[in-house]
Undergrad: 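Got a structure for you, questions after.
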Amino acid sequence: MAPCKKPAGNTVANQSFKKVSTVRLTPQHSSSIALLMLKISDITYSVEGRTLVEHATVTIPTGHKVGLVGRNGSGKTTLFRVIRGEMVLDTGSVSIPKGWKIGGVSQEVPGNEVSLINTVLRADAEREALLAEADTATDPTRIAEVQTRLADIDAWSAEARAATILRGLGFTNDEQKMPCSAFSGGWRMRVALAAVLFSEPDLLLLDEPTNYLDLEGALWLEAYLVKYPHTVLIVSHDRELLNRSVGGILHLEDKGLTYYTGPYDSFAKQRAAKRAVQAAAAKKQDAQRAHLQSFVDRFKAKASKAKQAQSRVKMLEKMETIRAPEDAARTVFTFPEPEELSPPIIATEGAAVGYGNNIVLHDLNLRIDQDDRIALLGRNGEGKSTLSKMLSDRLPVARGKMVRSNKLRIGFFAQHQVEELRVEETPLDHLFRERPNEGQAKLRARLAGFGLGADQAETAVGRLSGGQKARLSLLLATLPAPHLLILDEPTNHLDIESREALVEALTAYSGAVILVSHDMHLLSMVADRLWLVKDGHVKPYAEDLQTYRKLLLTADKPAEKDKPQPTKAAKPGRDQILSLRADVRKNEERVNKINEMRDKLAKKLADPALYEDGKAGELATWNKKYAEIMDGLERAEAMWMAALEKLEKAEKA
């Protein structure tokens with residue numbers, strides 16, 4: 001684990017650490033609402049003159065786990081400040097039951113000499129105070145009260161609970177005894193997260209907690225939150241976490257808060273249906289308005305029709321406008337396309353890599369082609385980052401051989417590159433340094449291709465959001481049209497729309513991709529090969545991501561059981577593999593085309609005009625076509641799955 005956990009050095013902050021950001025809010029109305037955990041009533045608040053939320057009301061019952069979602073910059077983190085009582089509201093109030101404790105990760109643990117386990121234990125202020133009093137109390141009655149309370153809060157099992165949380169977040173038993181100063185900022189953020197989880201506040205506020213976690217830590221947190229005994233409100237763009245760990249979604253959009261029951265996928269379906277109904281209602285109202293206005297225009301000058309015309313004018317005036325939902329600007333990433341190289345683009349034979357005399361990975365016999373999509377799996381410290389550095393020529397091969405295509409260009413993205421952007425410069429400045437001969441119009445077009453518009457192009461990087469900085473770093477990594485793109489946690493700070501856009505861009509990209517990510521949705525949508533980095537070796541992982549997830553959530557078990565392996569048939573040749581991959585792609589394209597036809601028909605069937613009197617025959621025709629399309633889709637998906645199974649069997653052979 002040492003290569004991944006570098007000492008913080010000069011990054012240690014000289015500041016006190018608030019183990020748990022805790023506030024107690026006084027209820028603003030009677031105890032009759034005591035059963036309601038969080039009540040937000042008609043709140044409006046602004047930042048720097050910009051209104052973020054306006055007249056929003058929502059109630060979250062006790063014990064519910066809710067995901068707070070919305071586009072970057074919509075005001076989610078600011079809403080947490082409002083709930084904590086750190087901001088003055090323009091209107092409205094926030095109420096919680098009397099005496100309840102709110103907890104969240106306020107800042108990272110400082111680099112002091114306190115051990116990780118003791119840092120976490122100190123997060124429970126009540127336990128610390130009671131233990132101190134137990135050592136000094138002399139009154140027999142008070143001693144009995146202290147000991148009873150210590151038993152009530154299960155104080156004697158605290159160390160075991162703290163150790164379990166730290167272990168789940170990636171710290172070994174030995175590391176838990178080490179001082180905080182031995183770990184870098186990202187790892188100290190994990191300790192801060194462990195501390196607030198250990199303290200078990202009544203309302204747990206988590207703001208993008210997986211940004212500092214690897215896949216293993218993110219999966220552990222998913223499972224932990226499901227069993228958390230109190231209420232949770234979590235800002236996250238991780239679809240898997242929002243699907244597995246919460247039972248409701250609070251959506252911040254257009255300055256309003258809307259609560260949806262169910263996990264994220266359910267929210268997405270409900271929102272789409274709601275928008276479709278709203279759009280249909282607006283269209284129907286527009287037609288009704290046009291009809292009324294037409295009558296008024298035709299007959300307002302005729303004395304015999306004046307009353308009727310005036311009546312319709314009043315109807316128009318009283319009609320409350322139904323607005324069609326506005327589609328936000330679609331998030332995009334536009335990767336430049338590299339020319340095709342002869343396979344393989346990278347091949348290693350008996351290679352080893354490490355740091356000085358410390359060899360981390362041995363006997364690497366790997367091959368990468370330009371159409372590969374590879375996810376690197378493995379616990380922290382096993383060598384995923386080391387392998388990425390070797391493949392990107394940032395670490396030399398210690399022994400053995402690695403051959404690259406002569407014209408190979410490699411793009412590399414890692415979180416530290418986002419942090420190393422020049423905060424005083426603009427995105428245009430960054431691009432101009434890389435492309436001094438390109439005109440400003442071309443550079444702005446490149447920025448627009450990564451969702452950075454005219455305003456962001458000339459804004460100092462230090463004033464950009466985390467998501468905008470990540471977009472700029474991705475743009476810089478892909479600027480030379482690389483044949484191989486290595487991405488280490490590319491989704492940190494990206495909202496869900498941006499993550500979906502990244503999936504689409506990587507799917508369309510004609511270069512090879514190597515992914516290290518805690519985002520299971522990204523891995524499942526992009527990767528078609530899995531490499532397990534474990535015990536100093538890198539080998540293909542024969543199972544799927546769900547199997548790997550189950551493996552990580554169980555007690556430490558070997559990835560593969562020690563059992564005799566059956567005799568294998570002859571390994572398929574490279575040409576056969578390529579042919580099977582081509583067949584998979586053809587079937588996938590067929591499914592996509594049928595899906596497009598289905599969507600068009602669904603849109604047609606959603607037209608309210610189709611359900612008017614006298615159109616039963618037309619409706620029946622469209623329903624029949626839709627049934628035929630669905631039947632064809634089912635057959636196409638079955639053929640696609642069969643092709644995928646053939647490919648998987650061939651690759652496992």
Undergrad: With sequence neighbours left out, write down each residue that passes side-chain hydrogen bond (donor to acceptor under 3.5 Å, both in side chains) with Tyr509, or none if nothing qualifies.
TA: none
Undergrad: What I want to find out is whether Lys550 reaches Glu543 closely enough, with some N-O distance under 4.0 Å, to be called a salt bridge.
TA: no
Undergrad: Only counting residues at least two apart or in another chain, list the ones meeting salt bridge (Lys or Arg N to Asp or Glu O under 4.0 Å) with Arg409.
TA: Glu339
Undergrad: Which residues pass the ring pair (Phe, Tyr, Trp, His ring centres under 6.0 Å) test with Phe80, sequence neighbours left out?
TA: none
Undergrad: List in chain and number order the residues that pass ring pair (Phe, Tyr, Trp, His ring centres under 6.0 Å) with Tyr264, two or more places apart in sequence or in another chain; answer none if no residue qualifies.
TA: Phe267
Undergrad: Please output the side-chain donor-acceptor pairs of residues 223-230 that fall under 3.5 Å, not counting sequence neighbours, one pair per line with the distance.
TA:
residue: Tyr228; atom: OH; partner: Pro201; partner atom: O; Å: 2.7

Undergrad: Can you list everything that forms a salt bridge (Lys or Arg N to Asp or Glu O under 4.0 Å) with Arg127? Sequence neighbours excluded, please.
TA: none
Undergrad: Hey, is Glu126 close enough to Arg149 for a salt bridge, meaning N to O under 4.0 Å?
TA: yes
Undergrad: Test of understanding: with side-chain hydrogen bond (donor to acceptor under 3.5 Å, both in side chains), list the residues that count as partners of Glu208, not counting sequence neighbours.
TA: His237
Undergrad: What residues, two or more places apart in sequence or in another chain, satisfy side-chain contact (heavy atoms from CB on, under 4.5 Å) together with Arg399?
TA: Ala352, Ile359, His362
Undergrad: Taking only residues at least two apart or on different chains, which pairs with a member in residues 230-239 satisfy salt bridge (Lys or Arg N to Asp or Glu O under 4.0 Å)?
TA: Arg239-Asp265, Arg239-Glu500
Undergrad: Mind checking salt bridge (Lys or Arg N to Asp or Glu O under 4.0 Å) for Lys177 and listing every partner two or more places apart, or none if nothing turns up?
TA: none
Undergrad: Checking Phe412 now: which residues fulfil ring pair (Phe, Tyr, Trp, His ring centres under 6.0 Å) with it, not counting sequence neighbours?
TA: none
Undergrad: side-chain hydrogen bond (donor to acceptor under 3.5 Å, both in side chains) with Glu200: which residues, sequence neighbours excluded?
TA: none
